[in-house]
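Below you'll find the structure, written out as structure tokens, and then a few comments.
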2 protein chains.
Amino acid sequence: MKKSALEALPHWRVSIAKGRTIYIEGEPSSTLYRVERGCVRLLVDGTDGARQIISFQFPTQLFGYCLDTRNTSAEAVTDVELTAYPISAVIELGAQNQKAAFELLDTANAAVQRLAHHLQGVSHLPADARVMWFLERLSREPAVGDGRMPPTIRLPMTYGDVAAYLNLTPQTLSRVFRQLEDSQRIHRAGSRVFVVDALAPA
Amino acid sequence: MKKSALEALPHWRVSIAKGRTIYIEGEPSSTLYRVERGCVRLLVDGTDGARQIISFQFPTQLFGYCLDTRNTSAEAVTDVELTAYPISAVIELGAQNQKAAFELLDTANAAVQRLAHHLQGVSHLPADARVMWFLERLSREPAVGDGRMPPTIRLPMTYGDVAAYLNLTPQTLSRVFRQLEDSQRIHRAGSRVFVVDALAPA
DNA sequence: CGCGATTTTGACCCTATTCAAAGTCAGTGG
DNA sequence: CCACTGACTTTGAATAGGGTCAAAATCGCG
């Protein structure tokens, strides 16, 4: 969805500190958010206490478009700046502006598709492939990668978060990074900073 | 979404034989479907060939509400009867009827939420708990369970399908069923027919 | 400099997979 | 009605991949 369409709506700026909860699954939803700076994680908690991170949201991305209640929880991975739009206003926009309604619905659709493939990958890929796949997608995130090849990636989240996203433990993740280093697929350029050599230009 | 709202739209009946593909991920979408009889599976294929079943659809449920392209593939698990509605008509309905638009969007939202919890469960539950969880949800499906307690469930899909949904192998699934039988949590009442004793009334 | 959070390492274990083969079922045609 | 066939399910033995537990090392930050 274009920012321009939303700009006409009432909106305000929100700053949230690292680690803070933005909303919780099941609570009534009133606002749609756009990430301006930082990184947000969407997650659900299991009855057993194990949490599953569903996705990370980066600048320019929208999240929280729920009509009735929140379908996941949202937390600030880093200090974040968000723009908040009242859901009611977004709905009105949709009623008036066919194109905007389309784009919003398409956002939801794309979310299903991404989640479906995430489930597929997390279920069928070995740990190292999962991590490479994650790095590959992160490298395309302007706020994380540097756009060059091979890309340098600065992870905004902890290993714990990455592990909860890829369905691994932090220990395994650490071992996988070492193994990727040993096999020359990545190398480290600082703490949580990786150069993905395997993505070097052909 | 109420059937009544859709009934005003142009629609037609479709019969599809067991195993046939209804649509494929990525192809342009033109119709929304409602299951009238039988069972449909939604799935995505991995680059490695491993397929992940995302959900099973039963009578009265809608699927295929994609604006642009299909976000998953859909296949008939059994012979199925579907009602098809042109997406364009559904969109118009949404433009005129606020309430209908709401319900459709909520459908998409609920899909994300269900998928998220499925990912959580499949990632963190041991095999036996995953299977019990699956049976428990199936028992609430009028077309599958009998509504009584303890419920009798007739699986419309093969072990292979259940396994692809729960992220197990058919072999493991078979062993889990045996183990659940041994521990008195279920017993069999025919091929693919289970009585879930663990769900007996308190 | 010191603290708490995060990351790393090691040893061991466990669950589900793999591979292989036999058994069972439903539907088909004789 | 029965034999046949192909798909599905079951079983067994061996294995691997990631998890667990525990502890040490490191980092970021006040």
Side-chain angles (χ1 to χ4, degrees), chain A residues 17-20 41 46 48-53 75-79 121-132 134 154-183 186-194, chain B residues 17-20 39 41 46 48-53 75-79 121-134 154-183 186-194:
Chain A
K18 185 207 292 211
R20 279 286 163 61
R41 60 176 175 252
D48 52 350
R51 55 186 13 204
Q52 176 69 46
I53 294 184
E75 299 174 353
V77 170
T78 62
D79 291 348
V122 148
S123 299
H124 300 288
L125 259 36
D128 60 341
R130 256 180 269 180
V131 173
M132 286 305 292
F134 177 66
R154 158 132 241 303
L155 296 185
M157 70 292 281
T158 66
Y159 280 26
D161 279 345
V162 177
Y165 179 64
L166 296 179
N167 188 22
L168 298 169
T169 57
Q171 292 96 319
T172 300
L173 187 61
S174 170
R175 287 185 252 259
V176 167
F177 275 130
R178 159 166 298 281
Q179 172 195 330
L180 291 175
E181 238 183 329
D182 291 349
S183 59
I186 65 172
H187 70 264
R188 306 191 200 216
S191 110
R192 289 193 201 166
V193 180
F194 299 91
Chain B
K18 185 205 294 208
R20 278 285 163 63
C39 174
R41 59 176 177 252
D48 53 349
R51 55 185 15 203
Q52 177 69 45
I53 293 184
E75 299 174 354
V77 170
T78 61
D79 290 350
V122 148
S123 299
H124 300 288
L125 259 36
D128 60 341
R130 254 180 270 180
V131 173
M132 286 305 292
W133 175 50
F134 177 67
R154 157 131 242 305
L155 296 185
M157 70 293 280
T158 65
Y159 281 25
D161 278 345
V162 177
Y165 179 64
L166 296 179
N167 188 21
L168 298 170
T169 57
Q171 291 96 319
T172 299
L173 187 60
S174 170
R175 287 185 253 259
V176 168
F177 275 130
R178 158 166 300 281
Q179 172 195 331
L180 291 175
E181 239 183 330
D182 291 348
S183 59
I186 64 172
H187 69 264
R188 305 190 201 216
S191 117
R192 290 193 202 164
V193 180
F194 299 91

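Computation of the quantities below employed the complete heavy-atom set of this structure, encompassing side-chain atoms and omitting hydrogens, waters and symmetry-equivalent molecules. Protein chains get the first letters and strands the later ones, always in sequence-line order, with residue 1 at the start of each.
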hbond_proxy Arg192(A) side chain to dG28(D) base (donor-acceptor, 3.5 Å cutoff): no
Base dG18(D) paired with Arg130(A) side chain (donor-acceptor, <3.5 Å):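 In this structure, the two groups form no donor-acceptor pair.
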Grab the [atom1]-[atom2] distance between [X] and [N] for me, whole Å please.
X: Gln171(B); N: dA16(D); atom1: CD; atom2: P; value: 17 Å
X: Tyr159(A); N: dT9(C); atom1: OH; atom2: P; value: 10 Å
X: Glu181(B); N: dT9(D); atom1: CD; atom2: C1'; value: 13 Å
X: Arg175(B); N: dA13(D); atom1: CZ; atom2: C1'; value: 10 Å
X: Arg188(B); N: dT24(C); atom1: CZ; atom2: C1'; value: 12 Å
X: Asp128(A); N: dA16(D); atom1: CG; atom2: P; value: 16 Å
X: His124(B); N: dC14(C); atom1: NE2; atom2: C1'; value: 18 Å
X: Asn167(A); N: dA16(C); atom1: CG; atom2: P; value: 12 Å

Tyr165(A) backbone acceptor or donor facing Arg41(A) side chain under 3.5 Å: no
Crowding at CZ, Arg188(B) (>12 non-hydrogen neighbours, <6.0 Å): yes
Under 4.0 angstrom between Ser191(B) side-chain N/O and dT9(D) OP1 or OP2: no
Thr169(A) vs dG19(D): side-chain N/O to OP1/OP2 distance below 4.0 Å: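 It does, given that an N or O in the side chain of Thr169(A) lies less than 4.0 Å from OP1 or OP2 of dG19(D).
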Sugar-phosphate, base or nothing in reach of Leu168(B), heavy atoms under 4.0 Å: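 Sugar-phosphate contact only.
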Sugar-phosphate only, base, or nothing, as touched by Thr158(A) at under 4.0 Å among non-hydrogen atoms: sugar-phosphate
Residue pair Ile186(B) / Val131(B), side-chain heavy-atom distance below 4.5 Å: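 Heavy-atom side-chain distance check fails, nothing below 4.5 Å.
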Min side-chain heavy-atom separation Arg20(B)-Asp79(B) under 4.5 Å: no
Aromatic plane relationship, Phe177(A) with Phe194(A) - under 30° parallel, 30 to 60° tilted, over 60° perpendicular: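 Plane angle under 30°, so parallel.
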Pro126(A) or Phe177(B), whichever maps to the more 5' nucleotide of DNA chain D: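 Checking each residue's closest nucleotide, the 5'-ward one belongs to Phe177(B).
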Closest-nucleotide 5' rank along DNA chain C - winner of Lys18(B) and Ala127(B):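 Looking at the nearest nucleotide for each, Ala127(B) comes out on the 5' side.
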Thr172(A) side-chain proximity, nearest of dA16(C), dG19(D), dA26(C): dG19(D)
